[in-house]
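Since the structure comes first, as structure tokens, the remarks are kept for the end.
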Amino acid sequence: MKKIIFLTTYLLLISLAEADTNIPLKDYLEKKDIEDGKTQIYLLNRCSAIYAYASGIILKTDAISSKNFIEISNNLLFKSVELTVIEEEEKLEKAQKKAEENRKLLFNNYIADGKKNWEENKSHFKGSYISGDMAICSKLIEDK
């Protein structure tokens, strides 16, 4: 019995290690109500994280676009904070801290998955959910 539990646990851990850290935004949004404030806050945080990630990726090759991406990232984070203050009636300082922590976590997930994708096909974006997320987030920016 102990061997079965050990084997099951081991296989579960291996499958989790191989899985992408973030679920694709498309899949997330299909299961959520886009009119819900919490969904919008998550989307803003997620898009803020992907623009911060993209900024870091292109920093050495295109400093101007990198700067623009970080500006977009910060604007999205600010909108997330505003919405959190309104929707969840949180104090500004608490909402800012929460948004920054969420972005950092999501950003680190993009780094891990982008690194994994780079090892597989020499691209941080193409061939992974990250390119799909970027497409969704770019649409969000276009609508502004």
Side-chain angles (χ1 to χ4, degrees), residues 4-5 7-144:
I4 292 173
I5 293 172
L7 185 59
T8 305
T9 305
Y10 178 76
L11 291 174
L12 178 64
L13 290 174
I14 286 177
S15 67
L16 289 175
E18 295 296 316
D20 289 330
T21 309
N22 290 328
I23 65 164
L25 259 178
K26 181 180 181 230
D27 294 349
Y28 176 83
L29 293 172
E30 285 175 352
K31 298 173 186 170
K32 299 291 181 177
D33 175 13
I34 193 67
E35 298 299 319
D36 180 56
K38 289 183 189 262
T39 302
Q40 292 175 5
I41 291 166
Y42 179 80
L43 178 62
L44 290 166
N45 285 331
R46 184 86 177 252
C47 289
S48 175
I50 200 166
Y51 272 96
Y53 173 68
S55 173
I57 295 298
I58 64 170
L59 180 61
K60 290 183 180 178
T61 58
D62 188 350
I64 293 171
S65 291
S66 177
K67 183 180 177 196
N68 290 338
F69 281 0
I70 206 66
E71 189 174 308
I72 291 168
S73 175
N74 289 335
N75 287 337
L76 291 167
L77 191 68
F78 179 74
K79 289 179 190 312
S80 166
V81 170
E82 281 183 321
L83 192 55
T84 301
V85 168
I86 294 166
E87 287 287 318
E88 299 178 9
E89 298 178 355
E90 282 191 18
K91 297 219 181 265
L92 179 62
E93 297 78 23
K94 184 177 179 184
Q96 285 174 322
K97 185 176 181 182
K98 184 177 173 181
E100 288 169 3
E101 288 171 356
N102 286 335
R103 178 172 68 174
K104 185 177 180 181
L105 175 69
L106 294 165
F107 175 76
N108 287 335
N109 291 347
Y110 279 122
I111 289 173
D113 293 341
K115 203 177 280 188
K116 201 178 339 174
N117 201 57
W118 178 264
E119 291 169 2
E120 291 174 10
N121 65 17
K122 301 298 180 222
S123 173
H124 295 279
F125 294 86
K126 293 177 186 170
S128 77
Y129 77 93
I130 299 173
S131 64
D133 285 6
M134 194 67 183
I136 290 170
C137 292
S138 67
K139 293 288 184 191
L140 181 67
I141 300 306
E142 286 175 11
D143 293 344
K144 303 269 178 232

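Note that the coordinates shown come from a computational prediction; the quantities given were computed from them, not determined experimentally. All values below were derived from every heavy atom in this structure, side-chain atoms included, with hydrogens, water molecules and symmetry-related copies excluded.
Side chains of N22 and L106 form a contact here, defined as non-hydrogen atoms less than 4.5 Å apart. Between T61 and I58 the shortest side-chain heavy-atom distance falls below 4.5 Å. Two residues are said to be in side-chain contact when any heavy atoms from C-beta on lie closer than 4.5 Å; R46 and R103 fail this criterion. In this structure the side chain of N121 never reaches within 4.5 angstrom of the side chain of S128, judged on heavy atoms. Contact of the F69 side chain with the Y53 side chain is not registered, since no non-hydrogen atoms from C-beta on lie closer than 4.5 Å. Looking at S55 and K67, their side chains never come closer than 4.5 Å, going by heavy atoms from C-beta outward. The shortest side-chain heavy-atom distance between L76 and N45 does not fall under the 4.5 Å cut-off. Residues Y51 and N74 form no side-chain contact, since every pair of their non-hydrogen atoms from C-beta on lies 4.5 Å or further apart.
Considering L25, D113, D27 as possible partners of Y129, the one that fulfils the side-chain contact (heavy atoms from CB on, under 4.5 Å) test is D113.
The shortest non-hydrogen separation linking Q40 to I34 is NE2-O, 2.9 Å. Shown here for S48 and S73, the closest heavy-atom pair between the two residues is O-OG, 2.7 Å. Across S138 and A135, no two heavy atoms sit closer than the pair OG-O, 2.8 Å.
Salt bridge status for K38 with E87: absent, with no side-chain N to carboxylate O gap under 4.0 Å.
The neighbour count for E89 CD, taken as heavy atoms of other residues, nucleotides or ligands under 6.0 Å away, does not exceed 12.
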